[in-house]
Amino acid sequence: MTEQQRAVSEDQWRNAKLIWDYHQMHHQLKPCDVAIGLGSHDLRVAAFTADLYHQGFVPTLVFTGGNSPNTAARFPRGEAVHFRDHAIGIGVPADAVLIEPDAANTGQNIAFTREVLAAAGIMPASVLLTAMPYMERRAYATCRKVWPEVEVICASEPLEFDDYLKAIGDEAFVTHMLVGDMQRVIEYPRLGFAIEQDVPEDVHAAYESLIRDGFTSRLLT
């Protein structure tokens, strides 16, 4: 399997859907002191975070992220900068948006954002962590490790798996990403990057099956 192959088989779809469901934390939304939008290739994270501001869940947004091989061409000024501009473009006041433009991984997203907030005189007791749907669990586990003092609520755009696949337009690409995040959920606690998460047997079996099928481009080496 290569990322040039855009479709997946029925069995692979079922395995990917199982991992998709596991990655989401299903937290109940509630007002928090600040929202932290994790940079990525998906600008809809910025739009979703802005929507949470408009709904009154948070008074302040922080977008975090520099660049990566996946995003440099699309967001040449950095993920956080483009996310901020998008949020402002859909009505979030500029003075309600902070940016952290240097982070290169999720641990840095959290740690560097904490520093940005402290410099702005903001010491939140609760954070609303927004990300792509398949990044929720890894983001949560990372934040609990890096910033254990805060209450963490995770949220992502409420899309069904099929709807997300259609929106991205590349089933294989999404499956590669799902597998990569699954590996990080499993391996990062051993490396000290995140707290441990229970992985059900069927989810682990789906993950191993997709690796055997060649969905390995996002795996750690």
Side-chain angles (χ1 to χ4, degrees), residues 1-29 35-55 57 61 63-65 68-71 73-75 79 82-83 86-87 90 106 109 128-143 152-186 197 199-200 202-207 209-211 213-219:
M1 168 62 66
T2 70
E3 287 188 86
Q4 284 68 45
Q5 297 172 255
R6 302 172 72 88
V8 299
S9 71
E10 188 174 332
D11 283 345
Q12 290 165 346
W13 184 95
R14 282 196 293 266
N15 285 329
K17 171 69 161 56
L18 199 62
I19 296 172
W20 165 274
D21 290 340
Y22 172 74
H23 277 317
Q24 295 182 60
M25 299 300 296
H26 306 291
H27 286 165
Q28 182 68 41
L29 278 174
I36 302 173
L38 300 183
S40 66
H41 64 83
D42 194 345
L43 201 58
R44 286 170 308 172
V45 175
F48 175 69
T49 312
D51 187 52
L52 295 177
Y53 173 87
H54 289 309
Q55 292 184 59
F57 283 106
L61 312 182
F63 292 113
T64 167
S68 73
N70 285 336
T71 63
R74 186 174 187 190
F75 302 134
E79 297 159 3
H82 285 268
F83 276 35
H86 189 67
I90 53 179
T106 309
N109 286 139
L128 189 51
L129 199 56
T130 60
M132 293 179 294
Y134 58 80
M135 269 194 69
E136 276 196 36
R137 187 171 294 275
R138 176 160 67 91
Y140 171 79
T142 303
C143 191
V152 184
I153 303 295
C154 282
S156 60
E157 186 180 13
L159 287 173
E160 296 296 331
F161 185 47
D162 265 343
D163 292 333
Y164 187 79
L165 290 177
K166 290 173 185 175
I168 297 299
D170 190 333
E171 296 177 354
F173 172 80
V174 174
T175 304
H176 280 279
M177 300 298 286
L178 287 167
V179 170
D181 265 61
M182 189 73 240
Q183 184 198 35
R184 286 158 177 78
V185 168
I186 295 168
Q197 298 286 286
V199 181
D202 58 345
V203 174
H204 204 281
Y207 162 69
S209 178
L210 290 172
I211 288 177
D213 287 346
F215 292 94
T216 56
S217 72
R218 295 300 186 272
L219 293 183

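- Atom CD of Glu79 is separated from atom OG1 of Thr71 by 3.5 Å, given to the nearest 0.5 angstrom.
- Between His204 and Tyr207, the ring centre distance stays below 6.0 Å.
- Between Tyr134 and Trp20, the ring-plane angle classifies as tilted under the 30° and 60° cut-offs.
- In this structure, Asp42 CG and Ile168 CD1 are separated by 5.0 Å, a value rounded to the nearest 0.5 Å.
- Here Gln12 contributes atom CD and Ser209 contributes atom OG; the two are 7.5 Å apart, rounded to the nearest 0.5 Å.
- Take Asp21 and apply the side-chain contact (heavy atoms from CB on, under 4.5 Å) test, not counting sequence neighbours, and it matches Lys17.
- In this structure, Phe161 CZ and Leu178 CG are separated by 5.5 Å, a value rounded to the nearest 0.5 Å.
- With a 4.5 Å cut-off on side-chain heavy atoms, Tyr164 and Glu157 do not count as touching.
- A heavy-atom distance below 4.5 Å is not found between the side chains of Asn109 and Ile36.
- Phe75 pairs with exactly one of His41, His86, His82 by the ring-ring contact (aromatic ring centres under 6.0 Å, His included) rule, that one being His82.
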*side chain to side chain contact (heavy atoms under 4.5 Å, CB included) between His23 and Val185, worked out*: CA-CA 9 Å; His23 277 317; Val185 168; 4.2 Å; yes
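- You'll find the side chain of Arg218 stays beyond 4.5 Å of the side chain of Val179, heavy atoms only.
- The environment of CD in Gln28 is sparse: at most 12 heavy-atom neighbours from other residues, nucleotides or ligands sit within 6.0 Å.
- By the side-chain contact (heavy atoms from CB on, under 4.5 Å) test, Leu18 is found to be paired with Asp202, Val203, Ala206, residues two or more places apart in sequence or in another chain being considered.
- Partners of His54 under the side-chain contact (heavy atoms from CB on, under 4.5 Å) rule, at least two apart in sequence or in another chain, are Val92.
- Between Asp213 and Asp11, every side-chain heavy-atom pair lies at or beyond the 4.5 Å cut-off.
- In this structure, the side chains of Met182 and Val199 come closer than 4.5 Å at one or more pairs of heavy atoms.
- Between Arg74 and Leu43, some side-chain heavy-atom pair lies under the 4.5 Å cut-off.
- Atom CG of Asp170 is separated from atom NE2 of His176 by 8.5 Å, given to the nearest 0.5 angstrom.
- Atoms CG and CE, from Leu38 and Met135 in turn, are 5.0 Å apart once rounded to the nearest 0.5 Å.
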